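Because the structure is a prediction, the values reported are computed rather than measured. Both backbone and side-chain heavy atoms feed into the values below; hydrogens, waters and symmetry mates do not.
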Amino acid sequence: MRRFRWWWGALALTFVVVLVGFIAFTGSESRPGQPSPRQGPPGTGPLTVVSIGDSTVSGEGAGDYTPTTNGQGGNWCHRSPNAFVEQIKIPDVTARVNLACSGAPSEQIALGEAKQWTEPSQAQQLADLIKDHRVAAVVIAVGANDEPKFSAQVSECFKAWFSPQNPPCSTALRTTWRSKVDAMVPKVTNAVADVKKVLAQAGYVPADYQLVLMSYASPVGPQIPEALRSLNGCPFRTEDLEWMRRDGVSVLSDGIKEASRATSARFLDLSRAGAGREACSGDPASEWFSRLTLQLRDLGQVDRASHALQESFHPNANGHAQIANCLNEFLAARAGNASCLSGPDGKLHAAPEVVAR
């Protein structure tokens with residue numbers, strides 16, 4: 001009797017071992033009726049990279065604007081085929097969509113009723129886009145048109161050049177700039193959060209796409225040849241340009257980085273991207289930013305005259321090509337923050353952020 005109890009016990013033990021082995025072997029396999037692991041973003045349509053934001057993203061200053069965004073029906077978003085998004089290269093990405101609009105504040109990027117040059121919320125436009133596109137990356141630059149009103153400050157500095165008897169424009173900005181940037185941060189945070197919300201509602205999880213928040217570059221540097229410190233180039237005072245490069249752009253960049261942390265977006269710092277290649281830094285062919293640009297043909301048309309200077313002091317086509325080069329490297333890394341810096345080859349590269357331990 002003991003012999004039979006031993007035999008049944010051995011048989012039961014063998015069965016358990018075989019069963020455990022079978023489960024271990026088949027556990028990682030998809031079973032009938034179970035969904036297979038998802039490969040990439042959900043939905044249907046081409047794999048796409050999307051750009052969202054203001055003039056830095058739309059392509060203002062890069063020329064060749066699409067007719068529908070070059071004043072048609074009051075739309076002055078100035079989207080250019082030379083914008084950096086058109087030059088982003090990600091494996092398997094076959095579509096590139098630019099939703100950015102020149103002058104856009106955070107409110108128009110966020111969900112809501114705010115419009116910019118007749119165009120509705122960019123987050124809502126993204127919601128419409130992902131119905132038939134699969135988004136692999138969203139690149140955003142926003143904030144300069146909120147309280148900092150960076151373009152308006154550049155205009156004030158431009159006006160100060162005409163009145164040398166008055167204080168430089170940077171005199172007042174030194175005391176108010178940081179508070180303006182502080183007021184901007186929650187608005188940028190809300191706009192980026194709405195972009196994430198749109199994607200989450202469409203079934204996206206963070207691993208499905210890359211979310212990038214970019215800062216801004218200084219369009220003009222302080223080392224301007226005297227001959228170009230005029231209406232033929234860059235009419236600014238040296239002290240104002242020194243403040244813009246040293247304090248203005250860096251404080252603005254810090255504020256945008258704060259918003260990136262709050263939204264878990266990757267941060268790409270462009271605050272030093274234009275060093276040595278700003279407008280009026282030398283040969284126009286080697287500069288990455290537009291100089292003072294006046295469209296004379298627009299002055300004769302009432303509906304276009306107020307936009308005749310709109311292209312001034314923005315990344316030009318060369319600048320967008322360099323930003324695209326940096327972005328391609330940044331997106332390929334897939335993690336961490338970085339700065340766009342000029343390398344020995346004269347091109348912009350993504351230098352990974354060194355985190356102190």
Side-chain angles (χ1 to χ4, degrees), residues 53-57 60-61 102-103 105 141-164 166-185 188 214-258 268-282 284 286-293 309-316 319 322-323 339-342 348:
D54 52 30
S55 57
T56 294
V57 188
E60 185 75 78
S102 187
V142 65
N145 294 306
D146 295 318
E147 278 77 3
K149 299 192 182 303
F150 191 66
S151 292
Q153 305 304 341
V154 172
S155 295
E156 288 302 311
C157 293
F158 168 63
K159 293 175 184 177
W161 177 80
F162 288 95
S163 306
N166 294 331
C169 74
S170 55
T171 300
L173 287 171
R174 291 177 198 279
T175 61
T176 62
W177 187 247
R178 189 170 293 277
S179 63
K180 291 177 185 289
V181 171
D182 288 344
M184 169 206 78
V185 173
V188 173
M214 294 170 42
S215 64
Y216 298 84
S218 180
V220 189
Q223 285 80 39
I224 299 178
E226 198 58 39
L228 294 177
R229 200 180 300 277
S230 67
L231 292 175
N232 291 323
C234 301
F236 296 100
R237 297 188 189 185
T238 300
E239 55 265 54
D240 290 337
L241 294 178
E242 288 176 343
W243 174 86
M244 188 184 303
R245 176 191 275 185
R246 184 184 63 251
D247 300 320
V249 171
S250 61
V251 171
L252 181 58
S253 184
D254 289 343
I256 294 170
K257 185 175 183 180
E258 184 178 341
L268 186 60
D269 183 7
L270 268 72
S271 62
R272 293 170 287 168
R277 297 297 190 100
E278 301 99 334
C280 300
S281 58
S286 66
E287 294 170 2
W288 295 345
F289 296 82
S290 57
R291 299 180 177 187
L292 181 65
T293 304
L309 289 169
Q310 187 170 316
E311 297 174 81
S312 303
F313 310 118
H314 286 87
N316 57 26
Q322 293 300 324
I323 293 172
S339 297
C340 287
L341 301 175
S342 183
L348 274 187

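Listed here is the closest heavy atom pair of Val220 and Ala279: CG1-O, 3.9 Å. The minimum heavy-atom distance between Asp240 and Ser170, with the atom names listed, is OD1-OG, 2.7 Å. Of all non-hydrogen atoms in Val57 and Ala141, the two that sit nearest each other are CG2-CB, 3.3 Å. The shortest non-hydrogen separation linking His314 to Ser55 is NE2-OG, 3.0 Å. Between Ala273 and Trp288, the shortest heavy-atom distance links the atoms O-CZ3, 3.4 Å. Here the closest non-hydrogen pair linking Pro148 and Leu252 is CG-CD1, 4.1 Å.
In this model, no donor atom of one side chain and acceptor atom of the other lie less than 3.5 Å apart for Glu311 and Ser290.
No donor-acceptor distance shorter than 3.5 angstrom exists from the side chain of Asn316 to the backbone of Gly61, with no hydrogens or angles considered. In terms of modelled atom types and a separation under 3.5 Å, the side chain of Gln322 and the main chain of Leu348 share a donor-acceptor contact. At least one donor-acceptor pair under 3.5 Å links the side chain of Thr293 to the backbone N or O of Arg291. For Ser230 (side chain) and Asn232 (main-chain N/O), a donor-acceptor pair under 3.5 Å exists by modelled atom type. Of the possible polar contacts, one joining the Ser250 side chain to the Asp247 backbone as a donor-acceptor pair under 3.5 Å is found. Judged by distance alone, the side chain of Glu287 and the main-chain N or O of Gly282 form a donor-acceptor pair under 3.5 Å.
You'll find the side chain of Met244 stays beyond 4.5 Å of the side chain of Leu173, heavy atoms only. In this structure, Cys340 and Leu270 have side chains that are in contact, with non-hydrogen atoms separated by less than 4.5 Å. A heavy-atom distance below 4.5 Å is found between the side chains of Asp146 and Val188. Put simply, the side chain of Met214 does not reach to within 4.5 Å of the side chain of Ile256, judged on heavy atoms. For the pair Thr171/Glu239, no side-chain contact is recorded, criterion being any heavy-atom separation below 4.5 Å from C-beta on.
Among residue pairs with one or both ends in residues 270-279, those qualifying as salt bridge (charged side-chain N to carboxylate O under 4.0 Å, His left out) are Arg245-Glu278; sequence neighbours excluded.
Taking CD of Glu226 as the start and CD1 of Ile224 as the end, the distance is 9.0 Å to the nearest 0.5 Å. With rounding to the nearest 0.5 angstrom, the OG atom of Ser151 is 12.0 Å from the CD atom of Glu156. Atoms CG and CZ, on Leu231 and Phe158 in that order, are 5.5 Å from each other to the nearest 0.5 Å. We find the CD-CE distance between Glu258 and Met184 to be 8.0 Å, quoted to the nearest 0.5 Å. Put simply, CG on Leu309 and OG on Ser155 are 8.0 Å apart, with the number rounded to the nearest 0.5 Å. The CG atom of Leu292 sits 8.5 Å away from atom SG of Cys280, with the distance rounded to the nearest 0.5 Å.
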- Task: Test side chain to side chain contact (heavy atoms under 4.5 Å, CB included) on Tyr216 and Asp54 and set out the steps.
- Result: CA-CA 11 Å; Tyr216 298 84; Asp54 52 30; 2.5 Å; yes

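For the ring-ring contact (aromatic ring centres under 6.0 Å, His included) test, residues two or more places apart in sequence or in another chain that qualify with Trp243 are Trp177. Under the rule for a side chain to side chain donor-acceptor pair (under 3.5 Å), the partners of Asp269 that lie at least two apart in sequence or sit in another chain are Ser215, Ser253, Ser271. In this view, Phe313 and Phe236 satisfy the ring-ring contact (aromatic ring centres under 6.0 Å, His included) rule, not counting sequence neighbours. With sequence neighbours excluded, no residue satisfies ring-ring contact (aromatic ring centres under 6.0 Å, His included) with Phe150. Partners of Arg237 by side chain to side chain donor-acceptor pair (under 3.5 Å), not counting sequence neighbours: none found.
More than 12 non-hydrogen atoms from other residues, nucleotides or ligands lie less than 6.0 angstrom from CZ of Arg229.
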